[in-house]
Amino acid sequence: MIRVRFAPSPTGFLHVGNARTALFNYLFAKHNNGKLILRVEDTDKERSKKEYEDMLIEDLKWLGIEWDEGPDIGGEYGPYRQSERLDIYNKYIQELLEKGHAYYCYCLPEELEEERKKALAEGRPPRYSGKCRHLTQEEKKQYEEKGIKPVVRFKVPDGRIIVFDDLIKGHIEIGVDEFGDFVIVRQDGMPTYNFVVVVDDALMKISHVIRGEDHLSNTPKQILIYEALGFDIPEFAHLPIILGEDRSKLSKRHGAVSVRAFKDEGYMPEALFNFLSLLGWHPKEDREILSKEEIINEFDIKDIHKSPAVFDRTKLRWMNGVYIREIIPLEELTKRAEPFFKGFGYIGSFDYYKKVMQAIRDSIETLMDIKERARPFFVDEFEFDDKAKEELSNETAYKVIQTLYEKIKDRDTLTGEEFKKIMKEIQKELKVKGRQLYHPVRIALTGEHSGVGLDILVEVIGIERVKKRLQRALEYFG
RNA sequence: GCCCCCGUCGUCUAGCCAGGCCUAGGACACCGGCCUUUCACGCCGGCGACACGGGUUCGAAUCCCGUCGGGGGCACCA
């Protein structure tokens with residue numbers, strides 16, 4: 001049974017880099033009929049917050065990632081929140097202590113930091129000296145009496161070379177001398193990541209650990225713990241990280257990078273899902289617009305790249321546009337767009353929004369674009385800019401608008417077809433055509449110089465508003 | 001500094017493992033054209049890359065070595 005997990009720490013919004021890791025775990029699980037486990041890594045008391053956990057779950061769901069076990073739905077191997085597993089960890093800490101794989105260390109953080117800096121400055125690997133490895137009972141007692149609370153360190157065997165075959169990176173060998181005895185329980189009693197991740201992955205029967213490349217150098221430490229505790233070692237797969245435009249690890253300073261931000265900016269979850277899946281992975285054929293099902297079917301961990309990819313917002317935008325104009329059904333698209341319309345102060349019925357979406361979906365790439373593109377469908381009292389004023393001051397332009405108004409002022413309805421017919425008549429009567437003919441009308445009707453087809457606009461906003469706007473322009477330039 | 005990973009158009013990538021089918025294919029962006037009342041959409045075309053240097057070979061983007069470049073890690077964060 002394939003079991004994978006996504007294990008975020010609830011310290012902020014879900015970052016697209018993490019979302020991509022979650023996504024690949026999800027794809028791997030689904031493709032292989034396995035299970036995805038969501039585990040919340042909240043051992044950092046300082047930074048972890050329950051609100052963040054809720055948002056993480058919300059964002060993951062929004063993206064279309066589902067899990068089989070997790071803190072919200074439970075499961076056979078719970079609890080799935082590390083802060084609720086402390087008793088379990090303690091048991092294994094005791095075991096390591098008893099077997100001599102771990103020991104108490106009374107060194108102060110300040111002096112350690114000092115040593116670290118010194119080592120770095122002298123070009124040595126900054127590692128713990130191991131000086132508390134062989135403390136006598138007497139020495140321990142002395143420290144205790146001074147009120148110093150110890151940490152627990154894992155005793156790293158000298159000179160070992162850890163070897164493992166990463167499913168993505170291939171054969172990896174790392175000498176254990178790169179790091180010293182590392183902390184597995186903090187002074188405050190909380191166990192640390194490198195320890196709990198092993199206990200949890202082992203107890204939750206995780207078969208494949210798929211995570212970001214930044215964890216690659218942690219893997220040897222974890223393998224040591226697997227061995228010390230006698231657990232089976234899972235398969236590892238380290239995903240290349242996602243880069244910003246400057247080719248450094250994607251972070252907040254590269255602009256909006258949280259899934260939440262993309263949601264708020266009017267991106268379709270399906271598009272983000274599709275886009276993220278293509279970052280470091282490629283299907284057999286050259287198609288890029290793929291449904292979730294297609295991606296799951298085609299996904300093969302062997303096709304994941306070794307090299308990192310730059311997060312290309314422009315391409316994401318394009319892809320989102322494809323989803324808006326070609327993939328998401330109009331009804332659904334309108335539902336998603338409704339809060340955006342309202343947010344921009346564009347008030348109307350659902351049916352009206354639907355008509356507007358129909359009219360503008362080809363010309364927007366995110367729901368944010370509704371603000372500009374849909375304005376003419378809602379705003380009657382718009383301003384005329386200098387260019388507009390100049391163009392409408394022209395005599396023929398004025399004449400066109402006037403004639404149009406005369407021709408429709410007694411009508412009750414006006415379809416797009418009828419509008420076009422009327423425009424043709426004006427063309428003949430006034431002997432103006434093309435831009436000279438349409439542009440003044442556009443300005444009178446929208447105050448803008450480009451936008452949706454006017455036939456569509458007039459039909460959607462209705463003849464009364466058309467009359468009103470024409471009148472307004474006539475008065476303004478009269 | 002030390003360890004590890006990576007290196008095909010500006011970007012995402014196909015090809016690399018099983019060398020010739022590659023005058024290196026696709027997509028985004030960019031430029032030009034067509035369509036069109038305008039913008040957008042759509043369609044057509046263009047620009048543009050095997051990091052460098054050595055080998056191996058009849059033949060290398062593909063195999064080997066080195067150099068350079070980029071990235072990640074080296075916490076009582078995960």
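The sequence lines fix the lettering, A, B, ..., with proteins before strands; numbering per chain opens at 1.
- Distance from the side chain of A:H305 is smallest for B:A14 among the nucleotides B:G72, B:U37, B:A14.
- Which of B:G7, B:G71, B:A78 sits closest to the side chain of A:S307 comes down to B:G7.
- B:C63 and B:U57 have their C1' atoms separated by 10 Å, with the value rounded to a whole Å.
- Checking B:C12, B:C5, B:C3 against every side-chain atom of A:E288, the shortest atom distance belongs to B:C12.
- Distance from the side chain of A:K169 is smallest for B:C5 among the nucleotides B:C2, B:C5, B:A78.
- When each of B:C76, B:C5, B:G26 is scored by its nearest atom to the side-chain atoms of A:D286, the top-ranked nucleotide is B:G26.
- Atom name P, nucleotides B:G25 and B:G45: the rounded distance is 14 Å, in whole Å.
- Donor-acceptor pairing under 3.5 Å, judged by distance alone, is absent between the side chain of A:K315 and the base of B:A29.
- Between A:I242 atom CD1 and B:G70 atom P there is a gap of 21 Å when expressed in whole angstrom units.
- Using Watson-Crick or G-U wobble geometry with both donor-acceptor distances under 3.5 Å, B:C68 finds its partner in B:G7.
- Counting any heavy atom pair closer than 4.0 Å across all strands shown, A:E173 reaches sugar-phosphate atoms only and no base atom.
- Of the listed nucleotides (B:C76, B:C6, B:U38), B:U38 has the atom at the smallest distance from the side chain of A:R442.
- The pair A:E288-A:K315 counts as a salt bridge, with a side-chain nitrogen and a carboxylate oxygen less than 4.0 angstrom apart.
- Atom P of nucleotide B:U13 and atom CG of A:L276 are separated by 12 Å, given to the nearest angstrom.
- Straight-line distance between the C1' atoms of B:U36 and B:C41: roughly 11 Å, to the nearest whole Å.
- To the nearest angstrom, P of B:C74 lies 17 Å from CG of A:D181.
- With a 3.5 Å ceiling on both atom-pair distances, the Watson-Crick or G-U wobble partner of B:C43 is B:G33.
- A:H439 comes within contact range of no nucleotide atom at all, as no heavy-atom separation falls under 4.0 Å.
- Of the residues in residues 38-45 of chain A, those lying under 4.0 Å from RNA chain B by heavy-atom distance are A:E41, A:T43, A:D44.
- When heavy atoms are screened at a 4.0 angstrom cut-off, A:V151 is found touching base atoms of the nucleic acid.
- Put simply, A:R127 has no side-chain N or O that comes within less than 4.0 Å of OP1 or OP2 on B:C3.
- Taking a 6.0 Å sphere around CD of A:E332, one finds it holds more than 12 heavy atoms contributed by other residues, nucleotides or ligands.
- If you check every strand for non-hydrogen atoms under 4.0 Å, A:D214 touches sugar and phosphate atoms only.
- When the C1' atom of B:C3 is taken as reference, atom NE2 of A:H171 falls 15 Å away, rounded to whole Å.
- Between A:D246 and A:R253 there is a salt bridge, since at least one side-chain N of the basic residue sits less than 4.0 Å from a carboxylate O of the acidic one.
- Summarising the geometry, the separation between CZ on A:R287 and P on B:A14 is reported as 16 Å, rounded to the nearest angstrom.
- Between A:E298 and A:K284, none of the side-chain N atoms (NZ, or NE/NH1/NH2) sits under 4.0 Å from a carboxylate O, so this pair counts as no salt bridge.
- B:U62: no Watson-Crick or G-U partner with both key distances under 3.5 Å is found in any strand.
- Residue A:I304 contributes atom CD1, which lies 14 Å from atom P of B:C6 at whole-angstrom precision.
- Within 4.0 Å of A:R47, counting heavy atoms only, lies at least one base atom of the nucleic acid.
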Identify the pairs formed between an N or O of the protein and an N or O of nucleotides 39-42 of chain B at a distance under 3.5 Å, and give each distance.
residue : atom : partner : partner atom : Å
B:C39   : O2   : A:R373  : NH1          : 2.7
B:C39   : O2   : A:R373  : NH2          : 2.2
B:C39   : O2   : A:G451  : O            : 3.3
B:C39   : N3   : A:R373  : NH2          : 3.4
B:C39   : N3   : A:G451  : O            : 3.2
B:A40   : O2'  : A:D362  : O            : 3.2
B:C41   : O4'  : A:D362  : O            : 3.4
B:C41   : O3'  : A:R325  : NE           : 3.3
B:G42   : OP1  : A:R325  : NH2          : 3.4

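- When both pairing distances are held under 3.5 Å, B:C74 makes a Watson-Crick or G-U pair with B:G1.
- When distances run from any side-chain atom of A:R247 to the nucleotides B:C5, B:U11, B:C76, the shortest one goes to B:U11.
- A salt bridge links A:D455 with A:K420: at least one charged nitrogen is closer than 4.0 Å to a carboxylate oxygen.
- With RNA chain B read from its 5' end, the first of the two nearest nucleotides for A:F419 and A:L278 is the one closest to A:L278.
- Between B:C5 and A:H238, no contact under 4.0 Å exists linking OP1 or OP2 to a side-chain N or O.
- The residue A:N218 sits close to a base: some heavy atom pair falls under 4.0 Å.
- For the pair A:E53 and A:R81, the salt-bridge criterion is met [side-chain N within less than 4.0 Å of a carboxylate O].
- Evaluated for a side chain to side chain donor-acceptor pair (under 3.5 Å) with A:Y106, the options A:K149, A:E144, A:K146 yield exactly one hit, A:E144.
- A cation-pi arrangement, defined by a distance under 6.0 Å to the six-membered ring centre and an angle within 45 degrees of its axis, is absent between A:R39 and A:F6.
- A:K169 NZ: more than 12 foreign heavy atoms inside a 6.0 Å radius.
- Side-chain proximity of A:I241 to B:G73, B:U11, B:G71: nearest is B:G71.
- Note that A:R20 lies in the cation-pi zone of A:F24, set by a 6.0 Å cut-off to the ring centre and a 45° limit from the axis.
- Remark: A:K424 is not in phosphate contact with B:U37, judged by side-chain N or O atoms under 4.0 Å from OP1 or OP2.
- Atom name P, nucleotides B:U56 and B:A49: the rounded distance is 29 Å, in whole Å.
- As a whole-Å value, the separation of A:E245 CD from B:C12 C1' is 13 Å.
- Nearest-nucleotide assignment on RNA chain B puts the 5′-proximal partner with A:L316, out of A:H215 and A:L316.
- The interatomic distance linking A:K387 (NZ) with B:U38 (C1') rounds to 10 Å, in whole Å.
- A salt bridge does not link A:K49 with A:E51: every distance from a Lys NZ or Arg NE/NH1/NH2 to an Asp or Glu carboxylate oxygen is 4.0 Å or more.
- For the P atoms, the distance from B:C22 to B:G32 is 32 Å, rounded to whole Å.
- Taking the P atoms as reference points, B:C43 lies 24 Å from B:G48, given to the whole Å.
- Using a distance-only test at 3.5 Å, with no hydrogens or angles considered, no donor-acceptor pair links the side chain of A:S9 to the main chain of A:T11.
- Between A:E425 and A:K431, no side-chain nitrogen of the basic residue sits less than 4.0 Å from a carboxylate oxygen of the acidic one, so the salt-bridge criterion is not met.
- Rounded to whole Å, the separation between the P atoms of B:U62 and B:C9 comes to 14 Å.
- For B:A61 and B:A24, the C1' atoms lie 8 Å apart once the distance is rounded to whole Å.
- Nearest to the side-chain atoms of A:Y193 among the listed nucleotides B:C6, B:G26, B:A78 stands B:A78.
- Of the listed nucleotides (B:U13, B:U37, B:A78), B:A78 has the atom at the smallest distance from the side chain of A:S9.
- Taking the ring axis of A:F179 as reference, the NZ or CZ atom of A:K221 stays within 45° of it and closer than 6.0 Å to the ring centre.
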